[in-house]
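This report concerns only the one structure given below.
The chains referred to below are lettered A, B, ... by the order of the sequence lines, with proteins before strands, and numbering in each begins at 1.
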Amino acid sequence: NRITLVIHGGAGTITRQNMTPEKEKAYTDALNQAMQTGYAILKQGGSSLDAVEASIRVMEDSPLFNAGKGAVFTHDGRNELDAAIMDGKTLKAGSVAGVTTVRNPITAARAVMDKSEHVLLVGPGADQFAKEKGLAIVEPSYFHTEARYQQLQKALASEKGVVTDQLNAPTKAAAPAAPGKSKTKTKAGKPQGYAEPPIFVEGRKYG
Amino acid sequence: TVGAVALDQYGNLAAATSTGGMTNKRYGRVGDAPIIGAGTYADNQSCAVSCTGWGEFFIRATVARDVAARVEYQQVPVAQAAQATIDKVGKLGGDGGLIALDPAGNIAMPFNSEGMYRGYIKANGETKVLIYR
């Protein structure tokens with residue numbers, strides 16, 4: 001019997017310097033709870049699909065992680081959630097992207113896999129599908145947490161009103177232009193069309 | 001972003017990932033988590049993978065499928081495949097991490113960011129929760 005469960009709660013600027021003992025304990029307890037929940041299913045002969053879905057639901061319900069409750073905010077101050085699940089036995093898969101009213105997006109992904117002929121549903125259609133399949137639907141405000149909202153305010157403030165094309169602006173300092181090749185300079189000494197690099201929060205850039 | 005990979009007593013693998021995306025995102029931006037083959041993948045013939053990282057790079061490098069393809073075609077251990085893929089993403093300029101599990105119960109949890117919340121439970125009940133590098 002080789003039943004095994006592995007989980008993650010996100011990667012990023014997680015260092016001892018920016019962690020407190022209380023926070024470390026809170027995260028450790030939440031990860032343990034997620035693991036014990038999934039492992040109990042495996043021990044009772046449950047499927048790996050049920051185990052991963054149950055573990056993820058625990059972390060979606062915890063405000064500590066960027067998933068479900070406690071998700072980060074978009075530029076418009078909304079929570080848009082994504083999730084995916086895949087079965088190694090059949091290669092079936094289901095996922096949702098950009099949902100705003102489904103309490104557990106991973107369960108919506110599972111419903112797409114089990115109860116539709118599709119793989120990926122996005123936006124209001126995915127919310128509608130989840131509602132029709134009887135999943136738990138919540139007000140968008142359910143996902144709000146003050147900590148994440150403050151992260152967004154900080155990001156917006158640091159943009160100083162500069163609207164950046166955040167997908168193409170350099171997030172790492174661009175290599176200095178070779179001498180003689182620098183673009184025409186504006187008064188401020190920045191190359192033409194320079195956009196302030198955006199601030200990627202929640203561990204900077206990580207999903 | 002949160003994720004899980006599991007192996008049940010029937011030898012079946014599964015992978016799952018869920019995320020709130022990226023703070024301050026615009027224009028309907030979607031990362032790797034919901035994209036099969038990028039942030040989430042499972043195949044009993046190779047391994048199950050769930051990722052967390054800079055979505056744009058994990059999509060372009062098709063990270064989850066890349067790990068599984070290395071195991072399937074190169075017949076390398078899952079830990080070696082996972083590390084090679086994370087190194088490849090790092091060279092592209094992206095960072096983050098992943099968890100992977102093969103049908104024999106072998107685990108990999110590589111990352112190139114400062115830290116990653118991660119943990120595992122094995123068949124004998126051995127449990128581990130890790131946060132820092």
Side-chain angles (χ1 to χ4, degrees), chain A residues 1-16 27-28 31-32 35 38-39 42 45 47-49 51-53 55-56 59-60 65-67 71-75 79-89 91 93 95 97 105-106 119 151-152 155 200-202 205-207, chain B residues 1-9 12-26 28-34 36 39-44 48 50 52-56 93 96-97 99 101 104-105 107 109 111 113-123 127 129 131-132:
Chain A
N1 185 344
R2 294 186 302 262
I3 60 173
T4 307
L5 175 74
V6 191
I7 67 171
H8 71 76
T13 53
I14 307 166
T15 61
R16 293 180 198 282
Y27 274 100
T28 303
L31 290 167
N32 269 310
M35 280 198 297
Y39 191 68
L42 293 173
S47 71
S48 48
L49 279 171
V52 295
E53 181 185 355
S55 291
I56 297 254
M59 293 188 278
E60 286 178 337
F65 302 102
N66 175 21
V72 298
F73 283 87
T74 68
H75 181 76
N79 300 109
E80 295 176 355
L81 311 170
D82 312 330
I85 192 166
M86 185 163 187
D87 177 4
K89 179 182 177 188
L91 298 191
S95 59
I106 194 59
V119 172
Q151 270 183 2
L152 173 63
F200 291 89
V201 199
E202 209 286 313
K205 314 177 282 298
Y206 309 116
Chain B
T1 303
V2 300
V5 291
L7 172 65
D8 61 30
Q9 66 183 44
N12 293 323
L13 291 167
T17 314
S18 181
T19 186
M22 182 187 279
T23 300
N24 197 19
K25 71 180 181 178
R26 291 184 176 94
R29 181 266 185 192
V30 174
D32 60 303
I36 300 300
T40 308
Y41 190 77
D43 177 353
N44 283 4
S50 173
T52 171
W54 191 345
E56 281 68 18
I99 55 174
L101 174 63
I107 291 170
M109 305 188 287
F111 59 97
S113 49
E114 286 92 328
M116 178 164 87
Y117 298 114
R118 60 205 188 281
Y120 63 79
I121 298 189
K122 295 192 172 179
T127 303
V129 170
I131 296 178
Y132 311 105

Original post:
Between A:Ile85 and B:Thr40, is any pair of side-chain heavy atoms under 4.5 Å apart?
Top reply: no
Original post:
Who wins among B:Gly97, B:Gly105, B:Ala48, B:Ser50 for the most heavy-atom pairs under 4.5 Å with chain A?
Top reply: B:Ser50
Subject >> Side-chain donor/acceptor of A:Tyr39 to backbone N/O of B:Lys122, under 3.5 Å >> reply: yes
**OP:** Could you grab the distance from atom CG of A:Asp82 to atom CZ of B:Arg29, nearest 0.5 Å is fine?
**Re:** 8.0 Å
Original post:
chain B: which of A:Glu60, A:Arg2, A:Glu53 shares the most heavy-atom pairs with it under 4.5 Å?
Top reply: A:Arg2
Subject >> Heavy-atom proximity to chain B below 4.5 Å, by part of A:Tyr27 >> reply: side chain
Subject >> A:Asp87 versus chain B, the contacting section by heavy-atom distance below 4.5 Å >> reply: both
Original post:
Do B:Thr52 side-chain atoms and A:Ala11 backbone N/O form a donor-acceptor pair below 3.5 Å?
Top reply: yes
Original post:
Using a cut-off of under 4.5 Å for heavy-atom pairs, which of A:Asn79, A:Val119, A:Thr15 has the most such pairs with chain B?
Top reply: A:Thr15
Subject >> Winner by heavy-atom pair count (cut-off under 4.5 Å) against chain B, out of A:Ala84, A:Ala71, A:Ala93 >> reply: A:Ala84
**OP:** Please flag which part of A:Ser55 lies under 4.5 Å from any non-hydrogen atom of chain B: side chain, backbone, both or neither.
**Re:** side chain
**OP:** Would you confirm whether B:Asn12, through its side chain, and A:Gly88, through its main-chain N or O, come within 3.5 Å as a donor-acceptor pair?
**Re:** no
Original post:
Under a 4.5 Å cut-off applied to non-hydrogen side-chain atoms, are A:Ile7 and B:Val2 in contact?
Top reply: no
**OP:** Kindly indicate whether the side chain of B:Lys25, heavy atoms from C-beta on, has any atom under 4.5 Å from the side chain of A:Thr74.
**Re:** yes
Subject >> Residue pair B:Thr23 / A:Ala155: nearest heavy atoms and the distance that separates them >> reply: CG2-CB, 4.4 Å
Original post:
Are any side-chain N or O atoms of B:Asp8 and backbone N or O atoms of A:Ser47, one a donor and one an acceptor, separated by less than 3.5 Å?
Top reply: no
Subject >> Nearest-0.5 Å distance that lies between atom CZ in A:Phe73 and atom CG in B:Asn24 >> reply: 12.5 Å
**OP:** Please answer whether the main-chain N or O of B:Gln9 pairs with a side-chain N or O of A:Asn1 as donor and acceptor at a distance below 3.5 Å.
**Re:** no
Original post:
Any side-chain heavy atom of B:Thr1 within less than 4.5 Å of one from A:His8?
Top reply: yes
Subject >> pair A:Met59-B:Ser18: side-chain heavy atoms closer than 4.5 Å >> reply: no
Original post:
Parallel, tilted or perpendicular: which fits the ring planes of B:Tyr117 and A:Phe65, with parallel below 30° and perpendicular above 60°?
Top reply: perpendicular
Subject >> Partner chain A: residue of B:Gly3, B:Ala15, B:Ala104 with the largest heavy-atom pair count (under 4.5 Å) >> reply: B:Gly3
Original post:
Do you know which of A:Gly9, A:Ser95, A:Ala67 has the most heavy-atom pairs under 4.5 Å to chain B?
Top reply: A:Gly9
Subject >> CG on A:Leu31 to OH on B:Tyr120, rounded to 0.5 Å >> reply: 14.0 Å
Subject >> Contacting region of B:Ile36 [heavy-atom separation from chain A under 4.5 Å] >> reply: side chain
Subject >> Under 4.5 Å from a heavy atom of chain A, the part of B:Thr127 involved >> reply: side chain
Original post:
Rounded to the nearest 0.5 Å, what separation is found between the CD1 atom of A:Ile14 and the CD1 atom of B:Ile131?
Top reply: 7.5 Å
Original post:
What is the distance from atom OG1 of B:Thr19 to atom CD1 of A:Ile106, rounded to the nearest 0.5 Å?
Top reply: 11.0 Å
